[in-house]
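In listed order, ligands and their atoms are each counted from 1. Residue numbers run from 1 in the order of the sequence given.
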Amino acid sequence: MKDIPSKKVTVTSPLLPPLEEFIPYLEQIWQSKWITNNGRFHRELEEALCDYLGVKYISLFTNGTLPLITALQALRIQGEVITTPYSFVATTHSIWWNGIRPVFVDVDPRTGNLDPDRIEAAITPQTTAIMPVHVYGTPCEVERIEAIARKYGLKVIYDAAHAFAVKQNGRSILEAGDISTLSFHATKTYNTIEGGALICHSEEMKKRIDYLKNFGFAGETEVIAPGINSKMDEVRAAYGLLALKHVDRAIAARRAVTEHYREALSGVPGLRMFEPLEGVEYNYSYFPIFVDQECYGESRDELYFRLKEEGILGRRYFYPLISEFDTYKGLPSASPENLPVATRMARQVICLPLHHELEKEEVERIIEIIKNR
Ligand SMILES: *Cc1c(COP(=O)(O)O)cnc(C)c1O
């Protein structure tokens with residue numbers, strides 16, 4: 001008889017700072033009675049994140065979707081935006097919410113990121129921007145994308161929701177493009193429960209972003225644009241400051257799990273993993289494996305449900321593709337023939353449990369189940 005474990009192993013677990021360390025922050029907020037609208041902790045967190053991430057201009061948001069929507073507004077993007085179908089729906093939704101037409105381009109099988117070789121063919125006179133995603137925290141080919149953008153006069157907005165603290169050749173990946181955005185949702189490597197941020201490269205743009213996230217107010221009586229309300233409150237900003245003190249430890253724990261998986265699963269026939277890129281400091285936010293049914297002897301879904309029966313909850317990120325959802329599937333660029341690599345990856349992928357509290361025994365059990373098909 002097998003022991004059926006009662007404890008579920010989830011794909012992620014929020015990095016919750018110790019409660020007793022949070023109480024003093026709350027006391028200060030209660031005493032000051034300043035609970036939102038660019039308070040002390042809000043300003044401190046923006047500064048601390050600039051320091052930690054190695055960027056110059058950051059604006060906090062109430063989640064990771066509104067900075068994408070606001071970035072498109074701030075850069076006055078219209079017409080068509082080239083983007084990836086292999087992401088979380090929020091990427092394309094942000095384009096749609098601005099009345100812009102998304103144009104899907106296929107991805108690179110080595111990274112899951114927008115394939116620079118395919119971008120130019122998708123550019124039309126209506127194209128105004130490219131919105132790539134550093135999916136799973138793997139950097140896009142930012143220099144090649146930059147060259148294309150410059151050649152055609154396009155803006156580049158990176159959805160960097162997975163790329164908190166990722167560096168390439170010693171520099172923050174968030175420096176790439178005109179704007180990058182982060183998500184601090186509970187499921188991400190670093191969280192403020194709900195939250196997000198926008199990174200830009202000039203004081204002038206930061207000012208514009210800060211107006212836009214506060215209804216467009218540029219003073220008591222002046223509204224400069226139809227802005228939105230996307231301010232982060234003091235309680236979550238304080239939580240974020242505290243969580244920042246614990247994030248290095250969390251990333252180190254994620255790294256150990258990642259290395260364990262990589263070593264144990266690298267020889268398994270029919271399972272593919274991404275090769276780490278040269279010169280990249282990763283944040284170990286996801287561990288995707290790709291199941292080739294012929295060679296592995298089981299389909300992705302068979303393995304996914306077999307793990308689930310054992311209480312191990314992987315996630316099929318990103319299945320279905322964004323281009324397969326009802327809103328988008330009628331677009332010409334959404335056809336599977338246009339997206340063969342992304343389509344295959346979406347059918348083969350499982351993201352294995354990966355977080356800072358995952359125990360070695362749990363990782364070993366997951367590996368056993370995957371190996372013993
Ligand atoms: C999580 C995520 C978002 C949205 O972030 P929220 O904070 O949940 O609004 C956007 N893009 C990608 C790729 C994400 O994974």
### Task
Apply side-chain hydrogen bond (donor to acceptor under 3.5 Å, both in side chains) to E259 and list each qualifying residue two or more places apart in sequence or on a separate chain.
R255

### Residues in contact with ligand 1, criterion: heavy atom under 4.0 Å
N63, G64, T65, S87, F88, A90, T91, D159, A161, H162, S183, H185, K188, G195

### Query
Does E361 come within less than 4.0 Å of R365, counting only side-chain N to carboxylate O?
no

### Task
Only counting residues at least two apart or in another chain, list the ones meeting side-chain hydrogen bond (donor to acceptor under 3.5 Å, both in side chains) with D292.
none

### Query
In Å and rounded to the nearest 0.5 Å, what is the CD to CD1 distance from E141 to I119?
9.0 Å

### Query
Mind checking what makes side-chain hydrogen bond (donor to acceptor under 3.5 Å, both in side chains) contact with H185, not counting sequence neighbours?
T187

### Message
E298 and side-chain hydrogen bond (donor to acceptor under 3.5 Å, both in side chains): which single residue from R306, Q293, R373 fits?
### Response
R306

